[in-house]
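Whatever order the structure lists ligands and atoms in, that order sets their numbers, starting from 1. Computed over heavy atoms, backbone and side chain alike; hydrogens, waters and symmetry mates excluded. In this chain, numbering begins with 1 at the start of the sequence shown.
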Amino acid sequence: MMDPFECFDDDDDDDDDVIDCNNDLGDNDSNSKTTSTCVVRDDLCGVLAFHAGTEAALLQYVQSKMIPPPPPPAAAAAAAKLSTTCSSHLPEQQQQLPQQQLMMSTIRQAKTLLYHVDDFCLSRHWMMHIGTEKGTSLRPFLLDCFDTYQQKQQQQNIDGNKVSRPFQMLELGTYCGYSAIFLVKTLLEECLQRQQQQAGSDKDTGMTTTTVFRLTTVDVVEQHVKIAREMIRLAGVESYIDLVLLTQEDDDGDHNESNNNHISLSSHPSVKDHYEFVFLDHDKSLYLSDLQALERTHRIRRGTYVAADNVIFAQIDEYRQYLQRLASHQVVTTRLEE
Ligand SMILES: C[S@@+](CC[C@H](N)C(=O)[O-])C[C@H]1O[C@@H](n2cnc3c(N)ncnc32)[C@H](O)[C@@H]1O
């Protein structure tokens, strides 16, 4: 039998096995760095190869590369909360600077972690994270959703119906936490950019909305959740994420006979809100039934954006046909990206 760790050499110095064409972590576009890293992994560890122990090996690799973020002292923690605020009022310069610095350092920490995961996947073993290419497609979709949500909140404020509710995201299929960290990092970058733009302008736009965001991400494999928890901590973004292990006990039977392995989301106390953004990246046979369960239980509502990975590759035709039917009745708009 093949040794699953054969492909993970012990040498911690990656300079020999990765040709990193652009190793500057300082710029704002993390994707430009990783897409230019050349693949040099063993063929046996390439696309769609699965070996036991890969997730643990990834964590070990990332732990060896990362300097863990310092635990936030009380004042910094308070600032961290504020730092996710996207206010269009001009905040006080003195207050804004430490907040922005904290955001910048969190973004940098998250980018560094994603960079090391990409590096591992390209140099040692392919893994089923969304990766940089799909991240590039997901980013504008998420930001469009975030922007729409903020505009709606601003309108409600103008109308005098002030609702301060966080922008809520739900991910099905956490795995090692890559996409969860990516989603949070993307929104932090957006908030930081907005704050910087407003600080550089004299204009008060008159908009008063203050928005924070949260991500709930769920998985059914305990080992994945354990690894994701550590990755999320190392990325410094744990204060934005609720990580949920769904177990059989959470099953309330809200599924049809054909999906016996289905563990229902509907009854889980952590999946109780309605969501602005949903990312489906779990068991492909459950996309349709979970989407419908989320609709039935009003977790998905009018205006919710839903992204689903691999619908073409995994031929999730039922799911696509369902959405096409809804689109033909102008209930949803859909877009397919290859
Ligand atoms: C393709 S991976 C997710 C990758 C992750 N979104 C990323 O890009 O970093 C699929 C994950 O779905 C999880 N999974 C399988 N069935 C599930 C279910 N019913 N609910 C939630 N997660 C599930 C698997 O354990 C696995 O970790």
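Below 30°, between 30° and 60°, or above 60°: for Phe146 and Phe213 the angle between ring planes is above 60°, a perpendicular geometry.
Within ligand 1, the atoms closer than 4.0 Å to a non-hydrogen atom of Asp283 are 15 (C), 16 (N), numbered from 1 in the order shown. Those atoms of ligand 1 with a heavy atom of Val221 less than 4.0 angstrom away are 25 (O). Within the listing of ligand 1, atoms 6 (N) sit less than 4.0 angstrom from a heavy atom of Glu171. Close approach of ligand 1 to Ile130 (heavy-atom distance below 4.0 Å) involves ligand atoms 7 (C), 8 (O). Heavy-atom proximity to Tyr178, at under 4.0 Å, picks out these atoms of ligand 1: 9 (O). In summary, the atoms of ligand 1 found under 4.0 Å from a heavy atom of Tyr175, numbered by their order in the structure, are 2 (S), 3 (C), 4 (C), 5 (C), 27 (O). Atoms of ligand 1 lying under 4.0 Å from any heavy atom of Leu286, numbered from 1 in the order shown and given with element: 19 (N).
When the heavy atoms of Asp219, Val117, Leu172 are ranked by distance to atom 13 (C) of ligand 1, first place goes to Asp219. With Glu55, His129, Met231, His282 as candidates, the residue nearest to atom 20 (N) of ligand 1 on a non-hydrogen basis is His282. Residue nearest to atom 9 (O) of ligand 1, selected from Ser289, Gly131, Ser179, Ala180: Ser179 (by heavy-atom distance).
The shortest N or O to N or O distance between Phe279 and ligand 1 is not below 3.5 Å. The shortest N/O to N/O separation between His224 and ligand 1 falls below 3.5 Å.
Counting heavy atoms under 4.0 Å from ligand 1, residue Asp290 does not touch it at all.
At a threshold of 4.0 Å, the pair Glu55-Lys226 does not count as salt-bridged, since none of the basic side-chain nitrogens sits closer than that to a carboxylate oxygen.
If you check the side chains of Gln153 and Asn157, you find no donor sitting under 3.5 Å from an acceptor. Side-chain N/O atoms of Tyr305 and Thr148 include a donor and acceptor closer than 3.5 Å. Side-chain polar atoms of Tyr149 and Lys152 form no donor-acceptor pair below 3.5 angstrom.
Ligand 1 has at least one atom lying under 4.0 Å from a heavy atom of Thr174.
For Phe50, the ring-ring contact (aromatic ring centres under 6.0 Å, His included) test picks out Trp126, with sequence neighbours left out. In terms of the ring-ring contact (aromatic ring centres under 6.0 Å, His included) criterion, residue partners of Tyr175 (sequence neighbours excluded) are, by chain and number, His129, His224.
In summary, of the residues considered (Val306, Leu170, Thr217, Leu138), a side chain to side chain contact (heavy atoms under 4.5 Å, CB included) with Phe279 occurs for Leu138 alone.
Judged by distance alone, the side chain of Arg214 and the main-chain N or O of Ser239 form a donor-acceptor pair under 3.5 Å.
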